[in-house]
Amino acid sequence: MEYLAELTDKGRQAKQAARKLATLSTAIKNKGLAAMASALEQHSAVLLAANAIDIQNGKDKGMTASLIDRLMLNEARIAAMAEGLRQIIALPDPIGEVLGMQHRPNGLDIGKMRVPLGVIGIIYEARPNVTVDAAGLCLKSGNACILRGGSEAIHSNTAIVKILTEAGKVAGLPAGTVQLIETTDRQAVNALLKLNQYLDVIIPRGGAGLIKTVVENSTVPVIETGTGVCHTFIDASADVEMAHKIAFNAKVSRPAVCNSMETLLVHQAAAAAVLPALLADYHQAGVELRGCPETRKYHEAVQPATEEDWATEYHDLILSIRIVPDMDTALEHIAAYSTRHSEAIVTSDYANGRRFLQEVDAAAVYINASTRFTDGFEFGFGAEIGISTQKMHARGPMGLPELTSTKYVIYGDGQIR
């Protein structure tokens with residue numbers, strides 16, 4: 001079991017690095033981020049060559065087109081990864097921030113200070129950009145990270161981490177700041193989940209199967225990122241052109257990501273105006289349509305939707321559609337099937353919009369915008385470590401503050417109890 005030696009060695013290095021990172025100046029962390037961003041751009045040819053191997057392997061194994069898209073790197077995506085790191089430089093360093101200070105009657109001043117979590121293990125699937133996002137956010141928040149990406153992206157991730165590590169070393173970052181588990185042995189994941197001696201927290205980022213495995217098997221504390229069964233509800237008062245644009249974008253722009261829409265709900269009073277053109281555009285774009293009996297009347301390509309469809313995150317050009325008699329039914333449907341990721345309403349009715357905001361339980365709730373905006377980059381965080389759908393200290397796109405803990409700091413002048 002060679003992977004145990006690798007995990008132990010990298011865990012030890014990460015623990016040592018975390019102690020140094022916790023007190024590293026903002027200037028040095030930013031210098032490291034800048035060096036990493038430049039190195040990615042300078043070595044784009046190396047990244048593309050490594051990625052090409054992963055892409056070909058994925059095609060040989062029959063990976064779907066949407067998953068290939070998630071795996072693929074190109075010059076624009078490499079530039080976007082570098083820009084994400086530069087945006088993190090511009091963000092305030094959360095470490096050392098004091099969250100309130102109260103003066104006690106006994107003369108003590110008691111406050112909370114933001115501190116790093118320590119060593120963060122991140123387990124994710126075939127998205128090389130996550131490697132860069134995770135490394136950058138962990139660095140700026142003073143954490144060491146141990147990354148375990150999907151085997152489908154092993155060549156891409158290995159190349160990325162090598163580039164980041166070499167750039168960070170030149171910039172003065174401690175050894176072990178960013179590490180990748182290079183073995184593709186699936187047993188390594190189970191071992192990582194029990195590496196309590198070195199890991200302070202585990203963050204899974206991927207599909208329902210991965211997240212379920214981590215939550216059920218980890219002895220290390222888990223920050224749970226969620227699957228995205230996201231809905232868009234077209235209200236009776238919705239502007240038809242706006243509804244068309246939002247609903248089309250939410251499904252088609254990048255169907256394999258967690259913030260894409262999986263179920264479209266349409267008020268029966270809006271169906272005749274919205275659905276004929278929208279369904280035709282979906283069909284032309286290659287979307288497989290599954291709908292309720294009423295929806296099927298609007299386009300011959302719509303197949304019957306099953307109970308399973310309403311609860312499925314497709315990660316593909318597949319969409320479930322239901323016509324509902326009223327807003328109450330739409331809200332009940334969302335409450336029953338939502339994974340509490342991102343939910344949207346398209347409406348011109350202010351009261352309905354406010355009601356949707358108040359009653360829908362999700363990490364991100366939209367009025368008149370696509371769910372595709374639930375993203376750290378789009379929210380101005382520079383990048384994200386994942387989208388948390390739990391209700392602990394982190395919910396929604398997880399930026400720098402969500403990668404910190406707090407400790408109480410107490411100032412005295414000789415008080416005893």
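Within a 6.0 Å radius of CD in Glu97, other residues, nucleotides and ligands contribute more than 12 heavy atoms. The number of heavy atoms from other shown groups lying within 6.0 Å of NZ (Lys20) does not exceed 12. Other residues, nucleotides and ligands place more than 12 heavy atoms under 6.0 Å from the CD atom of Gln358. Summarising the local packing, NE2 of His333 is surrounded by more than 12 heavy atoms from other residues, nucleotides or ligands at distances under 6.0 Å. A 6.0 Å sphere centred on CD of Gln102 holds more than 12 heavy atoms belonging to other residues, nucleotides or ligands. Enclosure of atom CZ in Arg19 is not indicated, since only 12 or fewer non-hydrogen atoms of other residues, nucleotides or ligands lie within 6.0 angstrom. Counting non-hydrogen atoms of neighbouring residues, nucleotides and ligands closer than 6.0 angstrom, the NZ atom of Lys59 reaches no more than 12 such neighbours.
Side-chain atoms of Thr347 and Asp235 include a donor-acceptor pair closer than 3.5 Å. Of the N and O atoms on the side chains of Asp309 and Thr306, at least one donor lies less than 3.5 Å from an acceptor on the other residue. Defined by atom type and a distance below 3.5 Å, a donor-acceptor pair is missing between the side-chain atoms of Thr183 and Asp185. Using modelled atom types, one finds no donor on one side chain facing an acceptor on the other under 3.5 Å when comparing Asn259 with Ser342. Side-chain polar atoms of Tyr366 and Thr232 form no donor-acceptor pair below 3.5 angstrom. With 3.5 Å as the limit, one finds no donor-acceptor pair spanning the side chains of Glu313 and Thr339. When only modelled atom types and interatomic distance are considered, Ser320 and Tyr314 share a side-chain donor-acceptor pair under 3.5 Å. Side chains of Thr406 and Arg114: no donor on one and acceptor on the other come within 3.5 Å. A donor-acceptor pair shorter than 3.5 Å cannot be found between the side chains of Asp239 and Ser348. Between Lys140 and Asn30, the side chains place a donor N or O and an acceptor N or O closer than 3.5 Å (distance only, hydrogens not considered).
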| message | Working note: Arg395 + Asp361, criterion salt bridge (Lys or Arg N to Asp or Glu O under 4.0 Å); need CA distance, chi angles, decisive distance, verdict. | response | CA-CA 12 Å; Arg395 196 179 194 197; Asp361 182 12; 2.7 Å; yes
| request: Apply side chain to side chain donor-acceptor pair (under 3.5 Å) to the pair Thr389 and Glu224, showing each step before the final yes or no. | output: CA-CA 7 Å; Thr389 55; Glu224 183 178 350; 5.3 Å; no
| Passes side-chain contact (heavy atoms from CB on, under 4.5 Å), Val115 versus Ile95? Steps please. | CA-CA 5 Å; Val115 296; Ile95 302 305; 5.6 Å; no
| query | Is there a side-chain contact (heavy atoms from CB on, under 4.5 Å) between Ile321 and Thr263 once you walk through the steps? | reply | CA-CA 6 Å; Ile321 307 153; Thr263 297; over 6 Å; no
| request: Would you check, one step at a time, whether the test side-chain contact (heavy atoms from CB on, under 4.5 Å) holds for Lys15 with Asp200? | output: CA-CA 9 Å; Lys15 200 72 172 178; Asp200 293 288; 3.7 Å; yes
| request: Could you go through the side-chain contact (heavy atoms from CB on, under 4.5 Å) check for Lys162 and Val46 one step at a time? | output: CA-CA 11 Å; Lys162 182 179 180 181; Val46 174; over 6 Å; no
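The distance from the CD atom of Glu152 to the CZ atom of Arg70 is 10.0 Å, given to the nearest 0.5 Å. Note that the CG atom of Leu71 and the CG atom of Asn51 stand 5.5 Å from one another [nearest 0.5 Å]. Distance check, rounded to the nearest 0.5 Å: CG of Leu108 to CE of Met101 gives 11.0 Å. Rounding to the nearest 0.5 angstrom, the gap separating the CZ atom in Arg186 from the OH atom in Tyr3 is 13.5 Å. The CD1 atom of Ile154 sits 5.0 Å away from atom CG of Leu180, with the distance rounded to the nearest 0.5 Å. Residue Thr329 holds its OG1 atom at 11.0 Å from CD1 of Ile334, rounded to the nearest 0.5 Å.
Nearest heavy-atom pair, His341 versus Cys258, reported as atom, atom and distance to 0.1 Å: NE2-SG, 3.2 Å. Here the shortest heavy-atom pairing between Ile385 and Ala134 reads CD1-CA, 3.3 Å. Across all their heavy atoms, Ser141 and Asn143 have their closest contact at OG-ND2, 2.8 Å. Nearest heavy atoms, Ile122 versus Ile120: CG1-CG2, 3.7 Å. Ser260 and Cys230 get closest at one heavy-atom pair: O-CB, 3.6 Å. Contact between Ala238 and Val346 at its shortest, heavy atoms only, is CB-O, 3.3 Å.
At least one side-chain heavy atom of Asn74 sits less than 4.5 Å from a side-chain heavy atom of Arg77. Looking only at side-chain heavy atoms (C-beta outward), Thr219 and Leu195 stay at 4.5 Å or farther from each other. Residues Ile367 and Phe356 form no side-chain contact, since every pair of their non-hydrogen atoms from C-beta on lies 4.5 Å or further apart. Side chains of His155 and Thr158 form no contact here, defined as non-hydrogen atoms less than 4.5 Å apart. At least one side-chain heavy atom of Thr131 sits less than 4.5 Å from a side-chain heavy atom of Tyr124.
Tested against Ile123 for a side chain to side chain contact (heavy atoms under 4.5 Å, CB included), the candidates Val222, Leu192, Ile146, Leu147 yield a single pass: Leu192. The side-chain hydrogen bond (donor to acceptor under 3.5 Å, both in side chains) with Tyr337 is formed by just one residue from the set Glu307, Glu262, His231; it is Glu307.
Here Lys10 pairs with Glu6 in a salt bridge; the nearest charged N to carboxylate O distance falls below 4.0 Å. Using a 4.0 Å cut-off between charged nitrogen and carboxylate oxygen, Lys251 and Asp316 do not count as a salt-bridge pair. Ion pairing between a basic and an acidic side chain is recognised when a charged N comes within 4.0 Å of a carboxylate O; Arg290 and Glu288 show such pairing. Ion pairing of Asp349 with Arg354 is absent here, as no side-chain N (NZ or NE/NH1/NH2) approaches a carboxylate O to less than 4.0 Å.
Under a 3.5 Å cut-off, the side chain of Thr177 and the backbone N or O of Pro174 do form a donor-acceptor pair. With hydrogens and angles disregarded, no donor-acceptor distance shorter than 3.5 Å links the side chain of Asn249 to the backbone of Lys245.
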